[in-house]
Every structure is written in structure tokens, then in C-alpha cells.
Amino acid sequence: MTDVVDADELLRRIQRARACAAQEERAWRARGEEHGREDSGDPAAARDAEVRTVAYGVVLRVLDEILTPGRHAARG
């Protein structure tokens, strides 16, 4: 990818990436809840979904900080 993009296009791309990460986080959270139920009980799949949910959450926090610097309090 060698195309030069302006600031507006870069902002749109970051916003699309954030929306995608938010959608994936919701999907993995739902899968984790589904696999974590006692009736379906797949602990390995539930753990995998939990890890992916956390990972997408981290991506969301990073993209939020890029889009609105300083607005989000540091966690930890």
C-alpha cells in the first residue's frame, strides 16, 4: 500500500477500524456467553472467546485514544 492519504481519509479509516473492532468485541462476548453456559459447557471455547473479547477491547481503547486523545482515563 503506497497510496498517500489525507487526514480526512485517515480519520475515516480509523473510525471504520474502530467500528469493526467494536462489532467483533460484541460478537466474541456473545460467543463466550453462549459457550460459558452450563448446558453447552465448552470451557476451551469460552476461554478463547474471553481472550478475543479482551483483545478487541484493547484495540478499541487504543483507537479511542487516537480519535479523542486524553479523553479516556488510563486504566490500571
Side-chain angles (χ1 to χ4, degrees):
M1 183 171 179
T2 58
D3 297 339
V4 176
V5 297
D6 64 3
D8 289 335
E9 177 61 20
L10 182 58
L11 179 62
R12 283 190 293 275
R13 290 180 185 189
I14 293 171
Q15 288 169 333
R16 281 194 307 265
R18 191 208 176 283
C20 179
Q23 181 180 359
E24 287 294 320
E25 182 190 35
R26 286 189 301 272
W28 282 107
R29 186 178 313 281
R31 285 184 204 163
E33 290 170 359
E34 181 179 312
H35 289 295
R37 284 191 226 138
E38 291 182 24
D39 56 339
S40 66
D42 187 351
R47 177 69 180 146
D48 182 50
E50 180 183 345
V51 168
R52 290 173 188 256
T53 299
V54 170
Y56 279 109
V58 169
V59 170
L60 279 172
R61 286 193 300 276
V62 168
L63 293 174
D64 282 342
E65 183 62 27
I66 290 169
L67 292 169
T68 53
R71 183 173 178 196
H72 308 278
R75 295 181 184 181

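Along the sequence shown, the residues carry numbers beginning at 1. Please read these numbers as outputs of a predicted model, since none were measured by experiment.
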Engineer: When you check the gap from the basic side-chain N to the acidic O, do Glu65 and Arg61 get nearer than 4.0 Å?
Structural biologist: no

Engineer: Using a strict 4.0 Å threshold on nitrogen-to-oxygen distance, state whether Arg29 and Glu25 make a salt bridge.
Structural biologist: yes

Engineer: For residues Ala21 and Val59, report the shortest heavy-atom separation together with the two atoms involved.
Structural biologist: CB-CG1, 3.9 Å

Engineer: Shortest non-hydrogen contact from Ala49 to Arg31?
Structural biologist: CB-C, 4.2 Å

Engineer: Counting neighbours of CD on Gln23 that are heavy atoms of other residues, nucleotides or ligands and sit closer than 6.0 Å, is the number greater than 12?
Structural biologist: no

Engineer: Quick check for you: to the nearest 0.5 Å, what is the distance between Trp28 atom CH2 and His35 atom NE2?
Structural biologist: 7.5 Å

Engineer: Please check if Leu11 and Val62 belong to a single hydrophobic cluster, counting links between Ile, Leu, Val, Met, Phe, Trp and Tyr side chain heavy atoms closer than 4.5 Å.
Structural biologist: yes

Engineer: Once you round to the nearest 0.5 Å, how far does CG of Asp3 lie from CD of Glu9?
Structural biologist: 9.5 Å

Engineer: Between Arg18 and Glu24, is there a salt bridge with N-O shorter than 4.0 Å?
Structural biologist: no

Engineer: Quick one: does Arg16's side chain get under 4.5 Å of Arg13's, heavy atoms only?
Structural biologist: yes

Engineer: Do Ile14 and Leu10 come close enough that some side-chain heavy atom pair is under 4.5 Å?
Structural biologist: yes

Engineer: Let me confirm one number: the OG1-CG distance from Thr53 to Asp48, rounded to the nearest 0.5 Å.
Structural biologist: 9.0 Å

Engineer: What heavy-atom pair brings Ala22 and Leu60 nearest, and what distance separates the two atoms?
Structural biologist: N-CD2, 3.6 Å

